[in-house]
Chemist: 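This is the structure, below, for whatever I ask next.
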Amino acid sequence: MKLHFRSRDFCCAALLILSSVVLSFCALFRQPTVYADENDDLILNQTDQSEYFVTIHDNNGANLIIKTGAATVAEVLERSEVQLAETDIVEPSLETVIQSDYSINIYRSRPALVIDGVHRRYVMTASHDPKQIAIEAGLTVYDDDIVKMEFNQNFLETGAASTYRITRSGGRKLTIEESIPYKVETRYDYNRPKGERVLEQPGEEGRKISIYEVEFENNVEVSRKLVEEKILVEAVPEIIVEGAKVSIPPEREQCANWAREAGVSEADLPAAIDLIYRESGCRVDARNASSGAYGIPQSLPGNKMASFGADWETNPVTQIRWMSEYVTKRYGGWQSALDFWWCTGVCRGITKNGHWY
């Protein structure tokens with residue numbers, strides 16, 4: 001039996017094989033990019049301006065793009081169920097606040113062997129800098145030392161670990177890059193409720209280089225002397241805004257607003273309102289029938305308050321401004337004035353010897 005091939009069938013078969021090969025290569029070399037499913041809880045309301053697109057680059061070959069309202073890098077990774085080893089490196093740091101569309105890079109750690117003469121140290125590292133890897137292995141690398149990656153000649157001993165060897169050159173200086181911790185500053189906002197805390201500015205560590213002269217005895221380091229220090233990046237302080245607005249009963253809120261307008265600080269407000277109500281009930285036209293004291297501060301005579309405004313008889317803010325200056329000059333402040341009021345009202349009957357009179 002003879003087999004007959006038509007040219008059209010041959011071309012179709014060849015085209016089919018070629019297409020399969022192309023698709024296979026595309027699948028093999030295509031970088032896998034994974035998008036969060038539309039039904040996933042990571043895809044939030046598109047109109048929410050507090051949400052951003054975040055791209056997670058993982059050097060194991062996988063990318064993830066999500067839209068999220070997570071506040072920090074750590075929260076993004078947690079919501080995305082990205083697992084990290086302690087020796088993996090994440091850039092930017094886990095504490096970094098997300099404030100716009102963002103990219104996160106994950107560098108996975110791998111085993112490395114560092115050889116220093118007869119000393120051999122294994123370490124899991126995400127770094128590709130030979131000197132840094134040696135330092136992570138707990139070894140000191142002086143400025144003139146050389147650290148090089150070398151071919152793995154004994155796979156049974158080192159396994160899949162990359163091998164690095166330190167060549168000592170008798171260096172007498174040591175340069176160390178160190179972090180500068182950031183400070184935490186608290187700013188009080190008297191327009192926010194007391195107890196409310198808001199992160200206004202995330203802190204960032206600075207970086208500095210310290211250069212030391214090293215003294216050896218019998219090839220063993222015995223001391224270091226700092227000879228130079230260079231600031232590479234200044235630390236950025238973390239600023240926390242803490243609410244300090246005092247909670248005032250509703251029936252006293254109007255009086256408190258007058259006091260604020262008169263310049264009474266939120267810190268002084270509780271004592272000021274307490275004293276004002278004890279003097280006059282915060283009534284602008286309060287008058288003591290027997291003494292003639294007038295107004296919110298019970299000024300005697302009332303026209304003393306004219307120094308703060310011609311409207312002293314009817315304006316509560318003018319009266320409290322005068323009262324504020326009065327208690328500051330005479331008693332040292334609102335709290336001291338309130339303390340004096342209590343003492344004259346409660347303990348005035350006690351003599352220096354502790355007896356009533």
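Computed from heavy atoms alone, side chains included, the values below leave out hydrogens, waters and symmetry copies.
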Chemist: Is there a side-chain contact between R224 and I176 (heavy atoms, below 4.5 Å)?
Modeler: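 Touching, per the 4.5 Å side-chain cut-off.
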
Chemist: Grouping I, L, V, M, F, W and Y whenever their side-chain heavy atoms are under 4.5 Å apart, do L275 and W342 come out in a common cluster?
Modeler: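 Yes, it is one cluster - the side chains of L275 and W342 are joined through contacts under 4.5 Å.
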
Chemist: Please lay out, stage by stage, how V264 and R260 fare under the test side chain to side chain contact (heavy atoms under 4.5 Å, CB included).
Modeler: CA-CA 5 Å; V264 177; R260 291 185 180 107; over 6 Å; no

Chemist: Give a yes or no answer on whether the side chain of E238 reaches the backbone of K183 with a donor-acceptor pair at less than 3.5 Å.
Modeler: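 A pair under 3.5 Å: no.
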
Chemist: Side chains of I276 and C255: does their closest heavy-atom pair fall under 4.5 Å?
Modeler: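 With C-beta onward as the side chain, the pair touches.
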
Chemist: Decide yes or no on side chain to side chain contact (heavy atoms under 4.5 Å, CB included) for V198 and I240, but give the supporting numbers first.
Modeler: CA-CA 6 Å; V198 177; I240 296 175; over 6 Å; no

Chemist: As an exercise, state the distance from CG of N59 to CD1 of I106, rounded to the nearest 0.5 Å.
Modeler: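 It comes to 8.5 Å.
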
Chemist: Assess whether side chain to side chain contact (heavy atoms under 4.5 Å, CB included) is satisfied between S162 and M149, documenting all intermediate values.
Modeler: CA-CA 7 Å; S162 303; M149 185 176 180; 3.8 Å; yes

Chemist: Among Q201, E200, E242, find the one that has a side-chain hydrogen bond (donor to acceptor under 3.5 Å, both in side chains) with R187.
Modeler: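 Between R187 and the candidates, side-chain hydrogen bond (donor to acceptor under 3.5 Å, both in side chains) is satisfied uniquely by E200.
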
Chemist: Rounded to the nearest 0.5 Å, what separation is found between the CD atom of E215 and the CD atom of E221?
Modeler: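 Output value for this atom pair is 10.0 Å.
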
Chemist: Are the charged groups of K208 and E177 less than 4.0 angstrom apart, N to O?
Modeler: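 The answer is no: the pair does not qualify as a salt bridge.
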
Chemist: Donor-acceptor pair, S179 side chain versus P181 backbone, under 3.5 Å?
Modeler: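 No, the answer is negative, given that no donor and acceptor are paired below the 3.5 Å cut-off.
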
Chemist: Is there a side-chain contact between S80 and V76 in this structure, where contact means two heavy atoms from C-beta onward sitting under 4.5 Å apart?
Modeler: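 Answer yes - side chains close enough.
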
Chemist: Please tell me whether S290 and N288 have a donor and an acceptor in their side chains that are separated by less than 3.5 angstrom.
Modeler: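 On atom types as modelled, these side chains qualify, holding a pair under 3.5 Å.
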
Chemist: Any side-chain heavy atom of E234 sitting closer than 4.5 Å to one from I231?
Modeler: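 SC-SC contact between E234 and I231 confirmed.
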
Chemist: Which heavy atom of T318 sits nearest a heavy atom of F308, and at what distance?
Modeler: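 Scanning both residues, the minimum pair turns out to be CG2-O, 3.4 Å.
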
Chemist: Taking side chain as C-beta onward, heavy atoms only, is F53 less than 4.5 Å from Y102?
Modeler: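 F53 does not reach Y102 side chain to side chain.
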
Chemist: Examine the side chains of T314 and D311 and answer whether a donor and an acceptor come within less than 3.5 Å of each other.
Modeler: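 No, no side-chain donor-acceptor contact under 3.5 Å.
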
Chemist: Say you draw a straight line from CG of L226 to OH of Y212; how long is it, rounded to the nearest 0.5 Å?
Modeler: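 So the gap between those two atoms works out to 5.0 Å.
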
Chemist: Same hydrophobic cluster for V184 and V236, using side-chain heavy-atom links shorter than 4.5 Å among ILVMFWY?
Modeler: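 Hydrophobic grouping puts V184 apart from V236.
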
Chemist: Check whether any side-chain N or O of D88 sits under 3.5 Å from a backbone N or O of S109 as a donor-acceptor pair, and report yes or no.
Modeler: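 The answer is yes, because a donor-acceptor pair under 3.5 Å joins these two groups.
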
Chemist: Say whether, by atom type as modelled, one donor and one acceptor occur between the side chain of R110 and the main chain of S127 under 3.5 angstrom.
Modeler: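 Yes, the answer is positive, given that a donor and an acceptor are paired below the 3.5 Å cut-off.
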
Chemist: Identify all side-chain donor-acceptor contacts of residues 293-305 below 3.5 Å with residues at least two apart in sequence or on another chain.
Modeler:
{"unit_1": "Y294", "atom_1": "OH", "unit_2": "E313", "atom_2": "O", "d": "2.8"}
{"unit_1": "Q298", "atom_1": "NE2", "unit_2": "A286", "atom_2": "O", "d": "3.4"}
{"unit_1": "Q298", "atom_1": "NE2", "unit_2": "G295", "atom_2": "O", "d": "2.9"}
{"unit_1": "S299", "atom_1": "OG", "unit_2": "P301", "atom_2": "O", "d": "2.8"}
{"unit_1": "K304", "atom_1": "NZ", "unit_2": "L300", "atom_2": "O", "d": "3.0"}

Chemist: So which atom in P237 and which in E185 form the shortest heavy-atom distance, rounded to 0.1 Å?
Modeler: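 Answer, listing the atom of P237 first, then E185: CB-OE2, 3.6 Å.
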
Chemist: When you compare the side chain of E279 with that of W341, does any pair of heavy atoms fall below 4.5 Å?
Modeler: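 Yes. Closest side-chain heavy atoms under 4.5 Å.
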
Chemist: Consider side chain to side chain contact (heavy atoms under 4.5 Å, CB included). Of L84, I56, V82, which one does V90 pass it with?
Modeler: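 Per the side chain to side chain contact (heavy atoms under 4.5 Å, CB included) rule, the option paired with V90 is L84, out of L84, I56, V82.
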
Chemist: In Å and rounded to the nearest 0.5 Å, what is the CG to CD1 distance from N105 to I89?
Modeler: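 If I round to the nearest 0.5 Å, the distance is 11.0 Å.
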
Chemist: Count the heavy atoms belonging to other residues, nucleotides or ligands that lie under 6.0 Å from CD of E251, then report whether that count exceeds 12.
Modeler: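 Yes.
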
Chemist: Please confirm whether the backbone N or O of S93 pairs with a side-chain atom of T96, one donor and one acceptor, at under 3.5 Å?
Modeler: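 Yes; judged by distance alone, with no hydrogens or angles, the pair exists.
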
Chemist: Nearest 0.5 Å, please: how far is NZ in K148 from CD1 in I166?
Modeler: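 With rounding to 0.5 Å, CD1 (I166) is 14.0 Å from NZ (K148).
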
Chemist: Please check: side-chain N/O of S336 versus main-chain N/O of G332, any donor-acceptor pairing under 3.5 Å?
Modeler: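 No, because the side chain of S336 does not come within donor-acceptor range (under 3.5 Å) of the backbone of G332.
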
Chemist: Can you measure from CD1 (I211) to NZ (K173) and round to the nearest 0.5 angstrom?
Modeler: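 If we round to the nearest 0.5 Å, I211:CD1 and K173:NZ are 6.5 Å apart.
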
Chemist: List the atom of P92, the atom of S103, and the distance in Å for their closest heavy-atom pair.
Modeler: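 Smallest heavy-atom distance, with atoms named: CD-O, 3.8 Å.
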
Chemist: Any chain of hydrophobic side-chain contacts (each under 4.5 Å) joining L94 to V54?
Modeler: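 Linked, L94 and V54 end up in one cluster.
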
Chemist: Okay, side chain of E205, backbone of A235: is any donor-acceptor separation there less than 3.5 Å?
Modeler: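 Side chain of E205 to backbone of A235: no pair is present.
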
Chemist: Would you say Y182 ends up clustered with I180 if hydrophobic residues are merged whenever their side chains have heavy atoms under 4.5 Å apart, either directly or through other cluster members?
Modeler: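 Hydrophobic grouping puts I180 apart from Y182.
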
Chemist: Between S210 and E178, is a side chain to side chain donor-acceptor pair (under 3.5 Å) present by the stated rule, with each step listed?
Modeler: CA-CA 7 Å; S210 301; E178 301 171 308; 2.8 Å; yes

Chemist: Measure from NZ or CZ of R172 to the centre of the six-membered ring of Y142 and say whether it is under 6.0 Å with the direction within 45° of the ring axis.
Modeler: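 Checked: cation-pi criterion not met.
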
Chemist: Are the side chains of V123 and E136 in touch, meaning some heavy atoms are under 4.5 Å apart?
Modeler: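 Side chain of V123 against side chain of E136, heavy atoms only: contact under 4.5 Å found.
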
Chemist: Minimum heavy-atom separation for A262 and V317, please, with both atom names.
Modeler: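 A262 and V317 have their closest heavy atoms at CB-O, 3.8 Å.
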
Chemist: Determine, step by step, whether I115 and L113 satisfy the side chain to side chain contact (heavy atoms under 4.5 Å, CB included) criterion, reporting the C-alpha distance in whole Å, the side-chain angles of both residues, the deciding distance to 0.1 Å, and the verdict.
Modeler: CA-CA 7 Å; I115 302 174; L113 168 65; 4.1 Å; yes

Chemist: Will you find, in the side chains of Q335 and D339, an N or O donor that is under 3.5 Å from an N or O acceptor?
Modeler: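 Looking only at side-chain atoms, D339 and Q335 do form a donor-acceptor pair, the distance falling under 3.5 Å.
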
Chemist: Tell me, do T68 and R79 make a side-chain contact under 4.5 Å, heavy atoms counted?
Modeler: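 Counting from C-beta outward, T68 and R79 do come under 4.5 Å.
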
Chemist: Looking only at atom types and distance, does a side-chain atom of E196 sit under 3.5 Å from a main-chain N or O of R192, one as donor and one as acceptor?
Modeler: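 No; zero donor-acceptor contacts below 3.5 Å.
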
Chemist: What is the minimum heavy-atom distance between N60 and R108, and which atoms define it?
Modeler: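 Of all heavy-atom pairs spanning N60 and R108, the closest is ND2-NE, 4.3 Å.
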
Chemist: So that I know where these two stand, are Y326 and W322 an aromatic pair - ring centroids less than 6.0 Å apart?
Modeler: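 Ring-ring flag for Y326/W322: true, centres closer than 6.0 Å.
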
Chemist: Do Y122 and M124 belong to the same hydrophobic cluster, where Ile, Leu, Val, Met, Phe, Trp and Tyr are linked whenever their side-chain heavy atoms lie under 4.5 Å apart, directly or via other members?
Modeler: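 No, it is not one cluster - the side chains of Y122 and M124 are not joined through contacts under 4.5 Å.
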
Chemist: Identify the heavy atoms of P202 and V97 that sit nearest to each other, and give their distance.
Modeler: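 Residues P202 and V97, closest heavy atoms: CB-CG2, 3.8 Å.
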
